[in-house]
There are 2 protein chains.
Amino acid sequence: MDEPKIRNMEEFAAVSGISRPTVSKYFNDPGSVRQTTRNRIEQALERYDYRPNIYAMNQNRRLTKNIGIVVPYLADPFFAEIARNIETLVTEAGYRAILMSSHGKPQQEIDNLESLRSIRPAGVLLAPLGRASNRDALAAFCRDVPTVNFDCNVEGLGEAFVGHNNEQATELMVEYLVRTGEPPVFFEMRTPPNPNANKRRIAYVAAMERLGHAPEIVQIEGENWDFEGIGYREGARVISERALQSNTVFCSNDRLAIGFLAAAYELGLRVGRGEGCALRVAGHDNHPYSRYTCPTLTTVSHNYGLIAEKSVNTILSVIAAEDGGGERDMTLLDGELIMRASA
Amino acid sequence: MDEPKIRNMEEFAAVSGISRPTVSKYFNDPGSVRQTTRNRIEQALERYDYRPNIYAMNQNRRLTKNIGIVVPYLADPFFAEIARNIETLVTEAGYRAILMSSHGKPQQEIDNLESLRSIRPAGVLLAPLGRASNRDALAAFCRDVPTVNFDCNVEGLGEAFVGHNNEQATELMVEYLVRTGEPPVFFEMRTPPNPNANKRRIAYVAAMERLGHAPEIVQIEGENWDFEGIGYREGARVISERALQSNTVFCSNDRLAIGFLAAAYELGLRVGRGEGCALRVAGHDNHPYSRYTCPTLTTVSHNYGLIAEKSVNTILSVIAAEDGGGERDMTLLDGELIMRASA
DNA sequence: AGATCGTATTTACGCGCGTAAAGAAATGTC
DNA sequence: GACATTTCTTTACGCGCGTAAATACGATCT
C-alpha cells in the first residue's frame, strides 16, 4: 500500500491506467473485463488501498448486493446456527448479509422488513414468526422484494419455501419410540407460536394410528418464546399431577424438552431407556444444547447445512432470474434420528 | 396514502409545500425546523408514502446513522442476549444497528470490521474475541472509527471499555462457597480464548488467599469455542481420574459448567448442596441456559441491562463529541450472586 | 412603526458512481 | 494481411441528497 490516498474511482482509474467506466465494470463483475486489464486493476488494488463507495454504488445500481436474513428469535441457538450457515453462504456468493432478529415480536418483524426495504436488498431470506406474524404485511413485502421463506412455512409467501420435513421426522421418532417401548404421548403448547408444531402434532397422530395406537396429546399453556421455561413449569405440573398416560414423552421441540428434563430431574424422576428409569423423553430439532441435557436428549435433527444451502441457492437463482415468475416451489428436507440417552 | 408515487425529496417537498433543503433539514433532525413547518411535513408524510433514499443520504453525510455491533460468537445465547439489549437501545436512539458475529474466528472479526468500515458507521460497539484477536488490526480500526469496547477488555482499544467486574463477581462467589462448604477448586481452560478468564483466575487466587485457603486450579485442554463440549469431556476425565482436591468446583464460566454438570450426571455423581450430594458446582455469567441445567446452576450474573445501556450511552456521547479526545474510561459493573441448586 | 432575530427559500454546487453512446484500439479468425 | 469481433476509452449525463451562501420572510420586541 502506498501513501497517496485514493479518494474515488476516478483517481484509482488514473493510477491503474484504466478508464473509470472500465474499472466500474470490473467492480461489478471482475470477469466481465479482459484478463490483461483485470490483472492491471488487481495489481493497482494491491498497491493502493481503494474500495468503491458502497453508497454511491447502491444509489445507482438497479439491484444492490445486499441479502437480508430475518429470523424470529436469534437468542435461540437453533436459529443462530441456521443463520450462521446462511450468512456464510451468502458472503461466499459475493453478497453482503444483513442479519436481523424479530425477537419474537410481530411488530419487530414488520419493522425489520421495513428497514430492509429501505436498503433495497436484492433478496431476503425470511423465517417468519408464524402464527403471530402479520400475514398481510409480510405478503406486501414479498410482492416488492424477492423473498425465500424458510423454516416456518406461511402459505403462499415468497418465491419458494425451504424447510424441515416435519412429517417424515415425526414419523421417524414415533416409530422408534413405539418399537422400543411404550407408545409416546405428545407434549406441546396449546397455542404454539410456530405452525411447525401443528404439522408435528398431526404427523404424530397419523403415525400413532398407523401403528395401531391411540394418540394422546398433552397441551400446555404458555404464550411467549420462553419454551424452556414453559416446558419446565408445565412439565413439573404434569408430572406431579400424574397427567401422563405413558412413560414416554415426545416433546414438540427440544426447547420444551430441555425444560421438561429439568423438571423431571428436580422431581427426582430418572429419565432414560434403561431399567430404573421412570420416563423416556424425546425432542425434535437437535438443538445445540440437546447434547448437554441430563440425560442427553434423543431427538430428530434438521438438516441444517442443506436447509441453508438450498435457501441460499434458491434466492440467488430468483435474483438471477429477475422475475417472480414460476411456481412457488417447496423443498422439504428429511430429518435424522439422533439417538442419545433420554429415550 | 395517495396514489401519486413520490420518487424523491424534490417531489415530496413540492407536495408538502416546503422547499427541499428545509425538508432535508427536517429528516436530519425534525426538531431543527419550526413547529408549523414540521406539522406540514408530517401531514404530507401521512398522505404520501415517502422515505429518503438511504444511500443518497449516507453518501453525502459526514456521519451515517449506522452503529455496528460486533460480538465474538452469536450462537452463544449469552452474546445473543447482550446484543439484543444493545440493538434495542441503538434503535431507540434513532440509529440503525448492524449486528455481526465473528463466529469465534479472528479472520472473520477482521472481515467484519472491514465490512463495517465500508459503510462508514458513526460508531461501533465491539466485543473482541480476545486472545485470538489480531490486536493491530483492531487498533487500526479504532483509530479510524469511534469504538466502544465491551465485555472483553483489550488494553487501549477504543474510546472506552464497559464490562463485567470479574474481580468483584469472582470474590462474591468464592466467599459464598467458602462460607457454605469446602473451599472451591477453580476449573478453567489452560488457554482460554477470552481474557476475562485470566481475571477470574487471578481474582480466585486472591480471594482464596485472603480467606486463608490454598487455591487449587484445574486447567484443562481445549482450543475452540465449544465450551460445553470441552467442559463435558474434561469434566468427565477429571472426575474419573479423581483429580479434584475438593468437593466444590467453581467453573470459569457457565458454559464449561453446563458441560461439567452433564459429565457429572452421566457418571452418576449427585450435584448440589444437600446431603447425599457428592459435588457442588458453580459457574459464572448467568447464562440463559443456566436455569435449566440439572441441577440448576448457581452462578454470578452480569448486569446485562446496565452493560448494554452504558455501552450505548458511551458510544452516543463519543459520536456527539466528535473527537476521540479524553481519557479512555473504564466502567466495570458489579455482578450478582444467583443462588440455585448446584452449589 | 421600525429594528431585530430566527427561519425558510432560492440558487447552486458537489458527492462518487452507474451507465449509455460513439468511436478507437486490441484481439481473434481465416 | 484484411476483416469481424470483442473490449476499452472518451464523453456526457443522471441518481438523490447534503450543504453552503445569499436573500426573503415572518414573528417579536421596543
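Values reported hereafter were calculated over all heavy atoms of this structure, with side chains retained and with hydrogens, waters and symmetry mates removed. So you know, we letter chains A, B, ... as the sequences are listed, proteins then strands, and number each from 1.
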- [ ] Please check the phosphate of dA8(C) (OP1 and OP2 only) for any side-chain N or O of Ser19(B) closer than 4.0 Å.
- [x] no

For [X] and [N], what is the distance between atoms [atom1] and [atom2] respectively, to the nearest whole Å?
X: Lys65(B); N: dG18(D); atom1: NZ; atom2: C1'; result: 14 Å
X: Leu63(A); N: dT19(C); atom1: CG; atom2: C1'; result: 16 Å
X: Lys25(B); N: dA8(C); atom1: NZ; atom2: C1'; result: 8 Å
X: Arg62(A); N: dG18(C); atom1: CZ; atom2: P; result: 14 Å
X: Arg40(A); N: dC8(D); atom1: CZ; atom2: C1'; result: 10 Å
X: Tyr26(A); N: dT19(C); atom1: OH; atom2: P; result: 17 Å
X: Asp29(B); N: dG18(D); atom1: CG; atom2: P; result: 13 Å

Open item on the list: Just to be sure I understand the rule, does Thr37(A) reach a base, reach only the sugar-phosphate, or reach nothing, if contact means heavy atoms closer than 4.0 Å?
Closed with: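 The answer is sugar-phosphate, as Thr37(A) gets under 4.0 Å only of primed atoms, P, OP1 or OP2.
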
List for me each residue that meets ring pair (Phe, Tyr, Trp, His ring centres under 6.0 Å) alongside [X], sequence neighbours excluded, and say none if there are none.
X: Phe27(A); value: Tyr50(A)
X: Phe78(A); value: His302(A), Tyr304(A)
X: Tyr26(A); value: none

Open item on the list: Holding to side-chain hydrogen bond (donor to acceptor under 3.5 Å, both in side chains), I want the full list of residues that pass it with Thr91(A), two or more places apart in sequence or in another chain.
Closed with: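 Counting only residues at least two positions away or on another chain, Thr91(A) forms no side-chain hydrogen bond (donor to acceptor under 3.5 Å, both in side chains).
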
Task: Comparing Asn58(A) and Arg38(B) on DNA chain C - which has the more 5′ nearest nucleotide - done: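 Result: Arg38(B).
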
- [ ] Answer yes or no: is there an ion pair linking Glu81(B) with Arg84(B), defined by an N-O contact shorter than 4.0 Å?
- [x]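 Looking at Arg84(B) together with Glu81(B), the answer is yes, because their closest N to O distance falls below 4.0 Å.
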
Pairs in or reaching into [range]: which pass side-chain hydrogen bond (donor to acceptor under 3.5 Å, both in side chains), with residues at least two apart or in two chains?
range: residues 63-79 of chain B; answer: Tyr55(A)-Asn66(B), Asp76(B)-Arg255(B), Asp76(B)-His287(B)
range: residues 126-135 of chain B; answer: Glu109(B)-Ser133(B)
range: residues 136-156 of chain A; answer: Arg117(A)-Asp144(A), Asn149(A)-Arg328(A), Asn153(A)-Arg328(A)

Task: Footprint string (nucleotides 21-28 of chain D, 5' to 3'): B base within contact, S backbone only, - free, heavy atoms under 4.0 Å - done: --------

Pick out the pairs of N or O atoms, protein on one side and nucleotides 15-17 of chain C on the other, that lie under 3.5 Å.
{"from": "dC15(C)", "atom 1": "O2", "to": "Asn60(B)", "atom 2": "OD1", "distance (Å)": "2.3"}
{"from": "dC15(C)", "atom 1": "O2", "to": "Asn60(B)", "atom 2": "ND2", "distance (Å)": "3.3"}
{"from": "dG16(C)", "atom 1": "O4'", "to": "Gln59(B)", "atom 2": "NE2", "distance (Å)": "3.1"}
{"from": "dG16(C)", "atom 1": "N2", "to": "Gln59(A)", "atom 2": "OE1", "distance (Å)": "3.4"}
{"from": "dG16(C)", "atom 1": "N2", "to": "Asn60(A)", "atom 2": "ND2", "distance (Å)": "3.0"}
{"from": "dG16(C)", "atom 1": "N3", "to": "Gln59(B)", "atom 2": "NE2", "distance (Å)": "3.0"}
{"from": "dC17(C)", "atom 1": "OP1", "to": "Tyr50(A)", "atom 2": "OH", "distance (Å)": "2.5"}
{"from": "dC17(C)", "atom 1": "OP1", "to": "Asn53(A)", "atom 2": "N", "distance (Å)": "2.8"}
{"from": "dC17(C)", "atom 1": "OP2", "to": "Met9(A)", "atom 2": "N", "distance (Å)": "2.3"}
{"from": "dC17(C)", "atom 1": "OP2", "to": "Tyr50(A)", "atom 2": "OH", "distance (Å)": "3.4"}
{"from": "dC17(C)", "atom 1": "O2", "to": "Asn60(A)", "atom 2": "ND2", "distance (Å)": "2.8"}

- [ ] Establish, from distance only, whether the side-chain atoms of Ser118(A) and Arg96(B) form a donor-acceptor pair under 3.5 Å.
- [x] yes

